[in-house]
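Written out below as structure tokens is the structure these notes cover.
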Amino acid sequence: MYQFDRSAYEARMKWFTHDRFGMFIHWGIYAIPARGEWVRSQERMPESQYRPFFEEFNPVDFDPKAWAKLAKQAGMKYAVLTSKHHDGFCLFDSALTDWKVTNTPFGRDIVREFLDAFRAEGLKVGLYYSLLDWHHPDYPAYGDQNHPERDNPAFKDVPRDFDRYLDYMHGQVRELCTNYGKLDIMWFDFSYGELTGETWRGAELVRMVRELQPGIILDNRLEVSGSGFGSIATDAPLEYSGDFVSPEQIIPQTGFRDSAGRSICWEACITMNDNWGYTALDKNFKPAGTLIRKLVECVSKGGNLLLNVGPDARGNIPPESAAILNAIGEWMRKNGESIYGCGVSDLPKPENGRITRCGKTLYYHILENSIGGVPLQGVGADEIESIRLLADGSEVKQLKGWIWDNYPDVVFVEVSRSARLPDETDTVVAVRLK
Ligand code: GLC
């Protein structure tokens, strides 16, 4: 009988809740149509129209070392690559299928090169693996919610052996957990309708993964989709609960606690534009400043941010994404101390920003300037050992005098002599407590 081991859980999650910021990479032959990773489903594209992209795939510019350097300089501490997405195309040299990158003109094992390059830069590494598989003949098609042939009568009476698909799926996960060295994250995606938990033979799958990769952490989508929490949010998580809640394209209003009030790990996965997979016409990129503030928001609520890039068919990360990552890196180089190893402060959210905390240091993230000095809510002057502007280490003076005497419970500080903050995106004031 499975028993959730909370102390083992907390031990394996330590690096994750320290590192806070990761890169998600959605890549595959769908980068050629360049209309997102769901193009087959959304356009009900038959395999015959999709296969030419397989026969054409040859990302001549693929440079995983450059990707890894870009992620590292952005302040990202881990990265998760799609090893197989819903289209079933494998970015690794699986012995169980011909529908794989080593059978395309490119011919190389992208998963292996990704893992080698990102480990070499000191990043933790994870693989996303889709439980769905629109290529496999035994995966449900007609009548399924998502399959490209879901309403094609020609697929109505085709016999399918779902258990044979599960053997294939488990076999591929075994390949990934056996042939590619130490993996830090296995990111399954996603459960829906009847396809959840034991329908995937979830307990057996997780047992195998944890046996082959003892310290690995898992997301919660063997149980739910991106919208659910699953049993990890209860006081008796099931064996396939996974280790963190995975809100998608949203930063939750608060962090997550289980039914006994214990905080549980979570990671918001967010696209830079509006698509996971490369979408040539989607230029709706979020500004770097917005994404910095979202990272701070996640950490202030005890969560992580997994920020996505979708490389194009030549293997290049879009220049807009690279520019955003470079700008985030600028801020992180000066202020990363307020992110790494930080979490909730247990203080009420200030009206002018957010607070992250690590031990006896509170990091006030000032997102809006004040008139009359910046209030540091929740801390008394007698508790403070020092106040510093994190970006340059300079002392920040407490404002005293008749203007502030009316508010003895609030510490007001001067971070700028002008109407503009030193960093309009987020000026971080580090308050070290006695
Ligand atoms: C959703 C999408 C999938 C994407 C995932 C990322 O599940 O279906 O395309 O990979 O979100 O979280």
Side-chain angles (χ1 to χ4, degrees), residues 17-18 20-21 251-258 260-266 268 289-305 331-332 334-434:
T17 53
H18 173 275
R20 291 300 185 203
F21 187 32
I251 312 288
Q253 286 306 293
T254 61
F256 293 94
R257 291 185 181 279
D258 66 19
R262 289 170 293 226
S263 64
I264 41 177
C265 301
W266 61 275
T290 300
L291 293 166
I292 289 166
R293 290 183 172 197
K294 294 304 119 187
L295 171 59
V296 169
E297 181 175 351
C298 287
V299 176
S300 73
K301 295 173 179 176
N304 288 28
L305 174 65
W331 186 88
M332 286 295 279
K334 295 176 185 163
N335 300 286
E337 181 188 314
S338 68
I339 299 293
Y340 305 126
C342 295
V344 298
S345 68
D346 293 326
L347 295 176
K349 178 193 175 302
E351 62 175 5
N352 60 2
R354 297 189 183 277
I355 305 173
T356 57
R357 177 168 195 156
C358 178
K360 299 189 78 167
T361 303
L362 294 168
Y363 298 96
Y364 285 78
H365 297 264
I366 313 301
L367 308 182
E368 179 188 345
N369 204 355
S370 311
I371 292 177
V374 173
L376 301 180
Q377 281 105 327
V379 66
D382 55 345
E383 298 173 271
I384 295 173
E385 182 175 285
S386 69
I387 308 175
R388 297 288 182 270
L389 195 65
L390 190 57
D392 66 3
S394 59
E395 183 183 22
V396 173
K397 295 295 283 178
Q398 183 181 353
L399 291 164
K400 292 177 180 161
W402 65 272
I403 292 177
W404 303 281
D405 291 349
N406 288 339
Y407 316 96
D409 298 340
V410 181
V411 171
F412 289 88
V413 295
E414 182 178 46
V415 295
S416 158
R417 289 243 167 94
S418 79
R420 296 177 63 81
L421 287 165
D423 184 332
E424 286 287 302
T425 294
D426 177 1
T427 294
V428 185
V429 175
V431 177
R432 286 171 179 77
L433 302 176
K434 284 173 185 162

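Computed from a prediction, not measured in an experiment: that's the story for all the values here.
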From [atom1] ([X]) to [atom2] ([Y]), nearest 0.5 Å:
X: Cys298; Y: Arg354; atom1: SG; atom2: CZ; value: 9.0 Å
X: Ile339; Y: Arg20; atom1: CD1; atom2: CZ; value: 9.0 Å
X: Glu424; Y: Glu368; atom1: CD; atom2: CD; value: 10.5 Å
X: Glu297; Y: His365; atom1: CD; atom2: NE2; value: 11.5 Å
X: Ile366; Y: Ile355; atom1: CD1; atom2: CD1; value: 8.5 Å
X: Ile403; Y: Ile371; atom1: CD1; atom2: CD1; value: 11.5 Å

Parallel, tilted or perpendicular, as decided by the 30° and 60° cut-offs, for the rings of Trp266 and Phe256: perpendicular
Which atom names give the shortest non-hydrogen contact between [X] and [Y], and what distance separates them?
X: Leu390; Y: Ala430; value: CD1-CB, 4.4 Å
X: Gly378; Y: Leu347; value: O-CD2, 3.7 Å
X: Ile251; Y: Ala268; value: CD1-CB, 4.1 Å
X: Val411; Y: Gly380; value: CG2-C, 4.0 Å
X: Thr356; Y: Cys342; value: CB-CB, 4.0 Å
X: Val344; Y: Ser300; value: CG1-O, 3.4 Å

Over 12 foreign heavy atoms within 6.0 Å of NZ, Lys294: yes
Whether over 12 other heavy atoms sit under 6.0 Å from Glu395 CD: yes
side-chain contact (heavy atoms from CB on, under 4.5 Å) evaluation trace for Trp331 with Val428: CA-CA 10 Å; Trp331 186 88; Val428 185; 3.7 Å; yes
4.5 Å side-chain heavy-atom contact, Val429 and Val374: no
pair Asp423-Leu421: side-chain heavy atoms closer than 4.5 Å: no
If we ignore hydrogens and angles and just use 3.5 Å, is the side chain of [X] paired with the main-chain N or O of [Y] as donor and acceptor?
X: Arg293; Y: Thr425; result: yes
X: Ser370; Y: Gly372; result: no
X: Trp404; Y: Gly373; result: no
X: Tyr364; Y: Gln377; result: yes
X: Lys434; Y: Asp382; result: yes

From CA spacing to verdict: side-chain contact (heavy atoms from CB on, under 4.5 Å), Thr361, Arg388: CA-CA 11 Å; Thr361 303; Arg388 297 288 182 270; over 6 Å; no
Trace of the side-chain contact (heavy atoms from CB on, under 4.5 Å) decision for Tyr363 with Cys358: CA-CA 8 Å; Tyr363 298 96; Cys358 178; 4.2 Å; yes
Worked verdict on Ile384 versus Gln398 for side-chain contact (heavy atoms from CB on, under 4.5 Å): CA-CA 10 Å; Ile384 295 173; Gln398 183 181 353; 5.7 Å; no
